[in-house]
*Asks:* 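One structure, pasted below without further comment.
What you are looking at is a predicted structure, and each value in this text was computed from that prediction instead of being measured.
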Amino acid sequence: MDSGVNYIVNNTGIPTSEWGKYKPAGVNPDGPSVDFSELLSGKNQEITGKLTDGAKKTLQRLKANPNSISKRDWMDLMHELNAMGAISDLDYGWTRVDFHFVPLGDMDNPYSISPDLQNTLDRINQWPGSPLDYLDQWAFSLKKWGAELSRERNSDGTPKYKDVSPVYEQASACGRVSNLIKSLLPADLFAEKQGGRA
């Protein structure tokens, strides 16, 4: 990440005293996260087989009733997937729900926060209960914001911002994590091992 990029933190309700519990694991710092095509080859069963029963139950609830997941349950699941390297530290950081990283751009020329982005932050801070909707809403708003920033011009007609890629990188991270979770849902979460049976 460019050293000129800074972030603002927007608290989404999990107390700051608990943020340390969810620090990135460092197993897969820069990525990539597990790819959708890898999961199609059966790796989804391998990943879900390593999850705790609590994380499996969160996936099971997400499959049965996608609008009833608590922030804590979601963060516990994400942290487990990060700890096993399925979600890179970078993607994990971009998609956290205990707080938001929001790209600010170059410190000498920070991005302007649009009213639409602020409205999205306010709305998703109320937690819809559906983490996949949360990721979709956040990615959509980031892409829209990135397009708005790209259109902004200086008085001489040159682009106001040299690089808005951090905004799109965060939107892409939302898509990768969302796809990973969607790919895990079809796995047989509580498959019995058949060894030793006739």
*Asks:* Minimum heavy-atom separation for A25 to A83, with atom names?
*Replies:* CB-CA, 3.5 Å

*Asks:* Would you mind telling me which of T52, I87, N82, I181 makes a side chain to side chain contact (heavy atoms under 4.5 Å, CB included) with L77?
*Replies:*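 Testing L77 for a side chain to side chain contact (heavy atoms under 4.5 Å, CB included) against T52, I87, N82, I181 leaves exactly one candidate, I181.
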
*Asks:* For K144, check salt bridge (charged side-chain N to carboxylate O under 4.0 Å, His left out) against everything at least two apart and list the hits.
*Replies:* D116

*Asks:* With the side chain counted from C-beta on, respond yes when Y134 and T95 share a heavy-atom pair under 4.5 Å apart, and no when they do not.
*Replies:*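 No; the side chains remain at least 4.5 Å from each other.
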
*Asks:* Nearest 0.5 Å, what's the OG-OH distance between S33 and Y92?
*Replies:* 12.5 Å

*Asks:* Does R153 reach the side chain of K160, with side-chain heavy atoms less than 4.5 Å apart?
*Replies:* no

*Asks:* Of all the heavy-atom pairs spanning S150 and V164, show the shortest one and how long it is.
*Replies:* OG-CG2, 3.3 Å

*Asks:* For K23, does the NZ atom sit with more than 12 other heavy atoms under 6.0 Å from it, leaving out its own atoms?
*Replies:* no

*Asks:* Working to the nearest 0.5 Å, report the span between NZ of K56 and CG of D53.
*Replies:*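 Going from NZ on K56 over to CG on D53, the span is 5.5 Å.
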
*Asks:* Between N44 (side chain) and L184 (backbone), is there a donor-acceptor pair under 3.5 Å?
*Replies:* no

*Asks:* Are side-chain N/O atoms of Q137 and D133 paired as donor and acceptor at under 3.5 Å?
*Replies:* no

*Asks:* If you round to the nearest 0.5 Å, how far is CG of L59 from CG of D73?
*Replies:*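 Spacing of CG (D73) from CG (L59) equals 11.0 Å.
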
*Asks:* Treating N154 as the side-chain partner and G157 as the backbone partner, does any N or O pair qualify as donor plus acceptor under 3.5 Å?
*Replies:*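 No; judged by distance alone, with no hydrogens or angles, the pair does not exist.
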
*Asks:* About how many Å separate OG of S88 and CG of L81, when rounded to the nearest 0.5 Å?
*Replies:* 11.5 Å

*Asks:* Hey, are the side chains of W94 and P103 touching, using non-hydrogen atoms and a 4.5 Å cut-off?
*Replies:*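 Yes; the side chains approach each other to less than 4.5 Å.
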
*Asks:* For atom NZ of K182, is the number of surrounding heavy atoms from other residues, nucleotides or ligands below 6.0 Å larger than 12?
*Replies:*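 Yes.
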
*Asks:* Can you tell me if D106 uses its side chain to pair, donor with acceptor, with the backbone of D108 under 3.5 Å?
*Replies:*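 Pair found, side chain donor or acceptor close to backbone of D108.
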
*Asks:* Taking the side chain as C-beta and beyond, is there a heavy-atom pair between I113 and V102 under 4.5 Å?
*Replies:* yes

*Asks:* Going by the angle between their ring planes, with limits at 30° and 60°, are H79 and Y22 parallel, tilted or perpendicular?
*Replies:* perpendicular

*Asks:* Determine the minimum heavy-atom distance between E148 and S114, stating which atoms define it.
*Replies:* OE1-CB, 3.3 Å

*Asks:* Can you name the nearest heavy-atom pair linking Y161 to S112, along with the distance?
*Replies:* OH-N, 3.2 Å

*Asks:* Spell out, yes or no, whether W145 and F140 are grouped together once hydrophobic residues are joined by side-chain heavy atoms under 4.5 Å, including indirect joins.
*Replies:* no

*Asks:* Tell me whether V27 shares a hydrophobic cluster with M78, the cluster being built from Ile, Leu, Val, Met, Phe, Trp, Tyr side chains joined at under 4.5 Å.
*Replies:* no

*Asks:* How long is the straight-line distance from OG of S141 back to CG of N119, given to the nearest 0.5 Å?
*Replies:*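 These two atoms lie 8.0 Å from each other.
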
*Asks:* Return yes if some donor-acceptor pair links the side-chain N/O of S178 with the main-chain N/O of C174 below 3.5 Å, else return no.
*Replies:* no

*Asks:* What salt bridge (charged side-chain N to carboxylate O under 4.0 Å, His left out) pairs are there with at least one residue in residues 74-90, not counting sequence neighbours?
*Replies:*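 Applying salt bridge (charged side-chain N to carboxylate O under 4.0 Å, His left out) to every pair that reaches into residues 74-90, excluding sequence neighbours, yields K21-D76.
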
*Asks:* About how many Å separate CE of M75 and CH2 of W19, when rounded to the nearest 0.5 Å?
*Replies:* 10.5 Å

*Asks:* Just so I know, are the side chains of I69 and R61 near enough to count as touching, which here means a heavy-atom distance under 4.5 Å?
*Replies:* yes

*Asks:* Nearest heavy-atom pair of S165 and D163: which atoms, and what distance?
*Replies:*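 Shortest heavy-atom separation between S165 and D163 comes out as OG-OD1, 2.7 Å.
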
*Asks:* Are any side-chain N or O atoms of N28 and backbone N or O atoms of P32, one a donor and one an acceptor, separated by less than 3.5 Å?
*Replies:* yes

*Asks:* What closest approach, in Å, do A147 and Y168 show between heavy atoms, and which atom pair accounts for it?
*Replies:*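 For A147 and Y168, the tightest heavy-atom pair comes out as N-OH, 2.9 Å.
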
*Asks:* Let me know which of R176, Q170, R96 forms a side-chain hydrogen bond (donor to acceptor under 3.5 Å, both in side chains) with D91.
*Replies:* R176

